[in-house]
Amino acid sequence: MSVTYVDAILQAQEKLLRDDPRVFLYGQDISKFGGAFKATKGLADEFPGRVLDSPISEDAMIGMAVGAAIEGMRPIVEMQFADFSSIAFNQIVNQAATHFYRTGVPVPITVRLPSGGTPGSGPFHSQSMEAIYSHYPGLVVVTPATVSDAYSMLLDAVALDDPVVYCEHKFLYRWLKAPRINGDGLPIGKARITRPGKHATVVAYSAMVHEAVRAADRLKEEGGWEIEVVDLRTVKPLDIDTVLASVARTGRLLALGEAFPWGGVTAEVVARVCADGFHLLDAPPRRLNSRDTPVPYHPKLWAAHRPTPESICIALRELLSF
Amino acid sequence: MSVTYVDAILQAQEKLLRDDPRVFLYGQDISKFGGAFKATKGLADEFPGRVLDSPISEDAMIGMAVGAAIEGMRPIVEMQFADFSSIAFNQIVNQAATHFYRTGVPVPITVRLPSGGTPGSGPFHSQSMEAIYSHYPGLVVVTPATVSDAYSMLLDAVALDDPVVYCEHKFLYRWLKAPRINGDGLPIGKARITRPGKHATVVAYSAMVHEAVRAADRLKEEGGWEIEVVDLRTVKPLDIDTVLASVARTGRLLALGEAFPWGGVTAEVVARVCADGFHLLDAPPRRLNSRDTPVPYHPKLWAAHRPTPESICIALRELLSF
Amino acid sequence: MPDAEEAQRTRVGLDRDYVRDVFRAMLKARLLENKLSSLYKAGKIVGGVYLGKGQEAVSASLGASLVKGRDIFAPLIRDQAGRTAFGEPLIDCTRTYLGSVLGPMKGRDGNIHRGRPQEGMPAMISHLGAAVSVVGGMLMARRMKGEIAGTVGATCVGDGATSTGAFHEGVNMIAVEQLPMVIVVSNNQFAYSTPTERQFACEDLLDRARGYGLGGHAVDGTDVLACAEVVGKAVRMARDGAGPQMVVANLLRLSGHGEHDDASYVPGELRGSHLGRDCLENGIAQLIADGFSTAKEIEDWKAAFTDEVQAAVAQAQQEPTPDPWHEDWRACSSEPATGEDSP
Amino acid sequence: MPDAEEAQRTRVGLDRDYVRDVFRAMLKARLLENKLSSLYKAGKIVGGVYLGKGQEAVSASLGASLVKGRDIFAPLIRDQAGRTAFGEPLIDCTRTYLGSVLGPMKGRDGNIHRGRPQEGMPAMISHLGAAVSVVGGMLMARRMKGEIAGTVGATCVGDGATSTGAFHEGVNMIAVEQLPMVIVVSNNQFAYSTPTERQFACEDLLDRARGYGLGGHAVDGTDVLACAEVVGKAVRMARDGAGPQMVVANLLRLSGHGEHDDASYVPGELRGSHLGRDCLENGIAQLIADGFSTAKEIEDWKAAFTDEVQAAVAQAQQEPTPDPWHEDWRACSSEPATGEDSP
Ligand SMILES: Cc1ncc(C[n+]2csc(CCOP(=O)(O)OP(=O)(O)O)c2C)c(N)n1
Ligand SMILES: Cc1ncc(C[n+]2csc(CCOP(=O)(O)OP(=O)(O)O)c2C)c(N)n1
Ligand SMILES: [Mg+2]
Ligand SMILES: [Mg+2]
C-alpha cells in the first residue's frame, strides 16, 4: 500500500473535517462526485452538510469563504483548476488578503489551487499562479512537492489564521507516491534541503523539485557533481535563510520554476540572495523558468515549454563551468 | 501655458481618435462626463459615438475590446482605477494575452490603468499592478513617467498590434507639467537615462523616477555623488541592455518601485542584471519597494509605505558605502 | 409584492417605535453628513466623502429592521442612515473621516470602508458587489454552527453595482443556498455620472429578483413610510424563512457622486420630478401628518443630534493621527508571513 | 415567446432546406463525435474530449441559422453540431484532436478551443461565460464600421455558465448596447456533476431574459423541429432589429461531462424521462413523419458522412505533429515584446 500526493490531500481534508468542526469544504463538483481530481472523494458522505457543491462562481466562492471565516469557520475552497482562480482574483487579493490589515480580524481561509502543467491540458488548465498571489501582502502561498508535505502543509494551512493559497501540482497527483505519510515536522515558512550537495544549489518548489533531483542525479553520474536541491515549500514568505545557507556552501545558485519567466519566484529568490548573500556567490546566479508563451496544449510543445531534466542540466553545466 | 501629464493623455487620445477611425474609447463615465480624472474630457462631443460609457462591468469591458480588436478596431479601455482591473484580470491575462499565440490573430487593445498611490486614497484606489500583468506572456506593459512619454507611449501603445497595459500614475496627473509635449522618439521597449551619473544606478519607472531624481539631487548636494537614474518606461519587455550599460558605468544598482515588495519589477531587474551583468557589480544590488501591506489610507501612513527621497537616499548611501 | 396603493392601506399597521427609529436615524445621518460635507469643503477631511442624501429612508429602514448583535449588515457608500439605525456609534464615523488612529480602521483604511466585522458589520472593499457573497458566507457559517435561527443578513447596492459579476455570483449563490438575506438595490438613477439607460436594459431592476429566484419588493425610496413598511416586510420574510429577498428602491441621489462632484449631469427635470423628492423633508411631513411625531419633537431631535454630531467631530479632531513609527506594518496575523522583512 | 403548442401549429412553415441542413449537421456531428469517443478510448486523442450528444438539435439549429462570412458564432464545448452547420470543415476538428500541426491552433491550443476568429468564429477560452462580451465586441466593431446591417452574433452556454460573473456582465452589456445577438442556453440539467438545484434557484432560466431586457424563447431541446423553429426565429428577430435574444433549451446531456466521465450521477429516472430523449433518434422519426426526408435518404447520408469522418481522421493522422524546434515561441506579434529572451 502506498499513498499518492492526491491521497494525502484527501486524507488531510478528512482529518481536518474529523478533528475540527470549523472546517468545511466548498467547490465545484466536490460533494458526491468527489471533485474533478477526486481529492474530496467520499467526504460528502462521511461529513454530511460540510462538503458543498458550489455554483460556477469563483468570485462568490471566495467571498463566501471570507464571510464564513469572519464568523469563525475554517473553509477550504477547491478551485477546479488554478487557472479558474483568475475569476476569484479580486476576492482573493482585495477581500481576503487585506482583511486582517484593514480590520484586525484575520480570515483563515485555504484556497486549493490544482496547479501546473500536464500534457494535453493547454493554456487554461496548466497555470502556476503562485507569483500572482505572492505579490500581494496578506497572503501565505505554499507549494508542497512531496506526499508528506501535501498532507502536513494542508493541515498547517488550515491551522494558520491567515489566508493561505495552497498550490497543489496536478502532475504529482497520482504520479508521486510514498510508502506512507511521514512528515518531518517542518512548518509552513521553512524550506528543506531535499538533496545535499556542495557544487551548486538549485532552489525549486512544487513539481520542479523532482526535475531538479533528476538533473542532479544525472550530473552526479556524468561528472561526480554534487548538486544541492532546496525545496522552498512556501514561496511567500520565502525562507531565505535556508537558501542563503545553501548558497554559502555551494557558491552557485540556479533558481528553478515552472511558471512564466517574467518576475515570479525565481526572480524573487535571485534578488533576495543577491541582496543578502552577494559575497557568497562564485558565479552569476541563474534562473530557469518556462518559456514566455501560454502553456501549449500539444504534449510535444508542452515538454519543451517547461524546464526538464535536460534543460536543467544544461543550465547547471553552464553554472558549474563558470 | 503648460501641459500636464493627464493633459498629455487626453491629447494623445484626441489625436488617435482624429487620425485613426479604428480607435474608440470605452470606460465608466468617460463619455459626457469626461472620466473620473478628466482624461477624456470633451472627446465624446468631438467624436460622437466613439467615446462610450460602459456599465460597471470590467470583465465585459475587456472582453468587448478583444472582440472589437479581432474585427480590426483599436479600442482604448479606461479602468476607473487600476485596482478595478482585478475584475478584468481574467479577460486581460487569459483572453487578450493568449489570443495571438493561440490563434495567430493579434488583439491590439490598450488598457489604461490609473495607477499608484495618492494620499487618502487607501488600499483600493492606489495599487500598482504592472507586475501582475507583466508576468503573463502576450502583454506589453508600459509605465510612462514624463508628460511627453505619457503622450507618445499612448500613441505607440495603440499602434502596437499586441495588447498593451498602459499604467498611468495618478500622482503625476496634475502635479507633473511640461512646457510642451516634446518627445525624444524613444519607442516602447526602450529605457531612458533620465539623469546621468557615475557612482550608482537607480532603475525606476513611473512616479518613482521623480523620487529617484530628487534623491539623486540630495546626494549630489550632500556629498557630490553622481547618481544615474534609468527610467524603464516599459516594464515588459524590459530594456535590460540600457540597464546593463548603466550598471557597467556605475557598478552599483538600486532597483526602485512603488509596488509591493514580493516579486515584481525590482526583482526582475535585479535578477536580470545579476544573470547578465554579475561581473559589472561592485556591490550587492539593492531593491526598494513599498512595504508589504496594503496601501494605507491615512496620508501619514501612506507616506511611510512607499519609497520616498529619504528612504531612497538611505538605500543609496548604504549602496555607495559598500 | 405590495404595490403602492396596498402599501398605503396597510401603513396604519406600522410600529410607532420602529418608524420613529427609522426617522431619527435619517435625521441624524443627514445632520452628520451635512457636517462632513462642510468639513470636506474646509479641507478637514482625509480622503473622499460620499453621501447618502436622498437615500436615507430606505437605508435607515433596513438598519432599523436589523438587530445588532444578531443580524449582519454590510453597508455600502450611501448608508450612513442605515449604519446609524443599526447602531454604529457616531464616533466610529467621525474618527475615520478625521483621521483619528482610534477609529475602527486605525487609519489603514478609510471613511466609507469602515466596519466591525465581528460585530456583524463587514468592512466593505471598494469593488462593487463584492460584499454580497461575504454576507452570504457569514450566514452560511451561522447555519453550520446552528446559530442561524432568526438571523438576517443584509447588504445594499446601487443600480450600477448590479452590473458587476460579483453581484450576480453572490446573489445567485445566496439564492441557491436559500439564505435569510435581504439585498437592497437603491436605484438612484445614476452610477457616478452614468444614467441607468447605459447600465441596464430591463424595464425594472426588480425583474432580476425573479431571474434569481428571490422574493421581490419595489418601493418608493422618497417615501419613508413606504420604505419602513416594505423593507421591514422583506426583512421579516427573510427572518421567517421565506428565503432571500430583494428590495428595489427608486429614488434620486441628491448629492454629487462624492463631494468633489457637482452632479451637473443630472437633468433639472429629473430633480424636479417625484424621484427627486427629498425623503427627509417628505418624511417630516409624513410623520407629523400621520401622528408619528410632532414638529416640536422633530426640532428637539434636530437640536440634540446636532450637538451629538458636533461632539463626535470635536472628539475625533482632538485624537492622535496614525504614527508610521508605531504602526506594525503587518498584513498577516501569524508568524510565517512576517518572516519576510520588508524594506 | 411561443409555447410548445403554438410551435407545433406553425411548424408546417419551416423551410425544408433549413430543416434538412439542421438535421444533416446533427447527424454528421454525432458520427464525428462517436468516432472521437472511440479514438479517445483507444488512447489516440491528445487532450480531453467533450461531446455534444443530446444537444445537437439546438446547436445545429443555431449554426444553420447563421451565415458564415457574415455572422459571428462562438461555439462552446458541446457545439460540434453548430460548428458543422455553420460550415466549419471536419478537418479543422480532426486535426485539432489528433494533434496535427496543420490545425487552426497549430497544437498551441486544443480540441474544443479551436476557432478562426477572423472568419467569424472566435476561439473560446476555458473560462465559462467569457465569450459573451467578446462576441458583443465583434458586433460593436461591425456597428462602428457601418457593417452591422443584417449581421447576427451568437454564442452558447450551459446552465452552469449562467452562474459566472462573465456571463452576467456580457449579457447585460449586449442588452445595454442592443446588439443583434442570440444567446443560447442549453440547460442540460448538469454542470459537470452538479445538478441545476445547486446552480440556480429561479423557476426557469428563461426568467433571466426579462431581468436583462432580452427577448426570451423556451424550447424543447429534444425536438429538432421545435429547435429549428424557435432558434431560427430568435436569430431572425435579432437580425431584424428586435435586439438581443435568449433561447433556453431544455434537454439532458447524453454523454459524460467529458469522455473520462461515466456520468453515473445522472439518475436513471431522468434518463428515462422526456428530457432524456435523444434529439437525433427523435429527429429521424420527425423528419420522416413530416416528410422532410426518408429513411433511405437518411441511411445514405449516414454512409456518406461516415466516410467523410473517416477521411478527415485518416488525413489528420498522417499529418505532422508540432515540432518544438520549429515553433517560434512568441506570445506577441510585434517586436518590443520579443526583445526579451526567454531562457
Ligand atoms: C468594480 C468596480 N468598478 C468601478 C468602481 C468605481 N465606482 C465607485 S462608485 C461607482 C458608481 C456606483 O454606482 P451605483 O452602484 O449606482 O451606486 P451609487 O453611487 O449610485 O450609490 C463606481 C463606478 C468600483 N467601486 N468598483
Ligand atoms: C470559470 C470556470 N470555472 C470552472 C470551469 C470548469 N468547468 C468546465 S465545464 C464545467 C461545467 C459546465 O457546465 P455547463 O455550463 O452547464 O455546461 P455543460 O458542460 O453542462 O454543457 C466546469 C465547471 C470553467 N471552465 N470555467
Ligand atoms: Mg446609482
Ligand atoms: Mg450543463
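Values below: every heavy atom of this structure, side chains too, minus hydrogens, waters and symmetry copies. Numbers restart at 1 for each chain; the letters A, B, ... are given by sequence-line order, proteins then strands.
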| task | List the steps, then state whether side chain to side chain contact (heavy atoms under 4.5 Å, CB included) holds for B:L301 with C:R108. | result | CA-CA 8 Å; B:L301 297 179; C:R108 297 172 180 182; 4.3 Å; yes
Find out whether [X] and [Y] are in side-chain contact, i.e. whether some heavy atom of one side chain is under 4.5 Å from a heavy atom of the other.
X      : Y      : result
C:R198 : B:L52  : yes
B:F124 : C:H127 : yes
B:F81  : C:S126 : no

Part of [X] within contact of chain C (heavy atom distance under 4.5 Å):
X      : answer
B:S86  : side chain
B:H125 : side chain
B:A60  : neither

Does [X] [atom1] have over 12 foreign heavy atoms under 6.0 Å away?
X      : atom1 : value
C:R210 : CZ    : no
C:E203 : CD    : no
B:K41  : NZ    : no
C:K106 : NZ    : no
B:E310 : CD    : yes

| note | For B:I56 and C:A161, the nearest pair of non-hydrogen atoms, with its separation, is CD1-N, 4.3 Å
| query | So which of C:P324, C:P322, C:G160 has the largest heavy-atom pair count under 4.5 angstrom toward chain B? | reply | C:P322
| Under a 4.5 Å heavy-atom cutoff, which of C:S264, C:A166, C:S163, C:G47 has the most pairs with chain B? | C:S163
Under a 4.5 Å heavy-atom cut-off, does chain B meet the side chain of [X], its backbone, both or neither?
X      : result
C:L128 : side chain
C:Q199 : both
C:D323 : backbone

| field | Check: C:T164 main-chain N/O paired with B:S57 side-chain donor or acceptor under 3.5 Å | value | no
| Are any side-chain N or O atoms of B:D29 and backbone N or O atoms of C:S193, one a donor and one an acceptor, separated by less than 3.5 Å? | yes
| request: Indicate, with yes or no, if the rings of B:Y297 and C:H113 have centres closer together than 6.0 Å. | output: no
| field | Side-chain H-bond candidate by donor/acceptor type, B:H298 with C:T321, under 3.5 Å | value | no
| Where do B:D53 and C:Y192 land on the side chain to side chain contact (heavy atoms under 4.5 Å, CB included) test, with the steps shown first? | CA-CA 11 Å; B:D53 281 339; C:Y192 206 156; over 6 Å; no
| task | For each of B:Q28, B:Q80, B:K32, tally heavy-atom pairs with chain C at distances under 4.5 Å, and name the one with the top tally. | result | B:Q80
